Amino acid sequence: MKISSDHWIPERPPYMLKPLKPIPAVATVSCLIDEENSCWIPETVNAFFDSKTAEYIMRIQISRHGGDFVRWPHTKHGLYTVRSAYNLVRAEGFFVERSRRGRGTSSAVANDEKHWKNIWKINAPGKMKIHLWRFAQDCLPSGVQMQRRQIPTSDACVFCGREEDVAHAMLLCQFAMEVWRLVKRKYMIQLQRHDLMSTKYWLFEFLANATELEATVLAVGCWYIWEARNDARNNRGHPDPTRTSVKILAYIDMIIQQCFKAKPSNRRETDVAPRWSPPPPGVVLVNSDVALFADCRQMAMGAVFRDSEGKCLAAASLPLQGFTSPEMGEALALRDAVMIARDKGFKNVIFVSDCLSLIQRLNSPAPDRSEVGSVVKDIKTLVAGFFSANFRHVKRCLNEVAHILAKTCNLASLGFISFSVPECIRKTLCIDVC
Ligand SMILES: [Zn+2]
């Protein structure tokens, strides 16, 4: 449900909405709602709309039943989920819409618009971008904000007792500072906290100077710091800066790995020869494969572990027990690869296989009751001990190196796990990196 383009206020169709401040086209109604308390945020509503419109908005009842559900009595659907609204965030739509509507606005507003766009461009989930947007608009329920809303609560920071505004919660509090210090060990971002006069301009400035990765780090960091603060406020466990920073780093790794996937293009995949791409720094890429020897009814696995420079950290070629379906073979091969990665102490790993069905099972949160279900479960349990572990499908030609190791396995031996490059894959490894 978009604030500016959807008909969500019965008395005010979108063309009659004249917000007092520009609202990004993708901003959703959820930005105006305090989800925790299932109520409108009067400051935010009043900041954007004239008093009459604000009154109409506040009249709309937000249901407390069923968690995220909000009832919209005057829309076709009648039902609306806050969560689904997050999914509506589409940066592209925002660019098109704003560039069209941006014409004719004052230069200050147009300039702001340019900066707001930087939020929606961030490589992060919509909910994290909306969170940053609310941070910049100073409409997150901080202690200070709650007092302004006359909600009977303390404005003291739950961690240090100082007055809690959004800047304090996210950047200046000792808890936040410690989390950022830990995050900065891996991602050197400059928060320039001494420049902090207004959260909006601070964020504009930060994003204007940040690399794509730094913007992602900020969005993810702010999200988890805010979550930790909410947990502390609601007495849900003892937030710990280290744990929060680990969550942040793991989430960033996941985003990096997704961006590292080939960007979808208009051309069909078959039009372009796929190329091997290295994992991001600090991440190990593991190719695994199975070879089935039908004549002697045996199987073997092969796996190669490479770093961001394409350097081979380990290679394995091991016979597998029994003779099963190809998918089961792939699952057993990948499970062995996971165990080797664990034993070698690799903490951030991308496992790739050319078996699409297996990768889909591994990426599905649903319990798997298929033949390979038990192995899939084993793998999921094993990777829970990693900082980050992702499963990706690659075309067979990009998994060649693992396939060679599997098919050249000496079935009569115990196989090998080698830390030097086995001769049989030397050439293929070189082809991959050039
Ligand atoms: Zn504090």
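Remember, it's 1-based here, ligands and their atoms both numbered in the order they're listed. Just so you know, these numbers come straight off a predicted model, no measurement behind them.
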Side-chain touch Trp40/Val29, heavy atoms, less than 4.5 angstrom: yes

Minimum heavy-atom distance between Arg233 and Ser154, given as atom pair plus value: NH2-O, 3.8 Å

Side-chain donor-acceptor pairs under 3.5 Å in residues 375-384, sequence neighbours left out?
unit_1	atom_1	unit_2	atom_2	d
Asp378	OD2	Arg335	NH1	2.6
Lys380	NZ	Ser364	O	2.5
Thr381	OG1	Lys377	O	2.8

Protein-derived N, O or S atoms lying under 2.8 Å from the Zn ion (ligand 1), waters excluded: 4

Which atom of Arg148 lies closest to which atom of Glu43, heavy atoms considered: O-OE2, 3.6 Å

Distance-minimising heavy-atom pair for Ala228 and Pro239: O-CG, 3.3 Å

Shortest non-hydrogen separation from Ile41 to Cys31 and the atoms involved: CD1-O, 4.1 Å

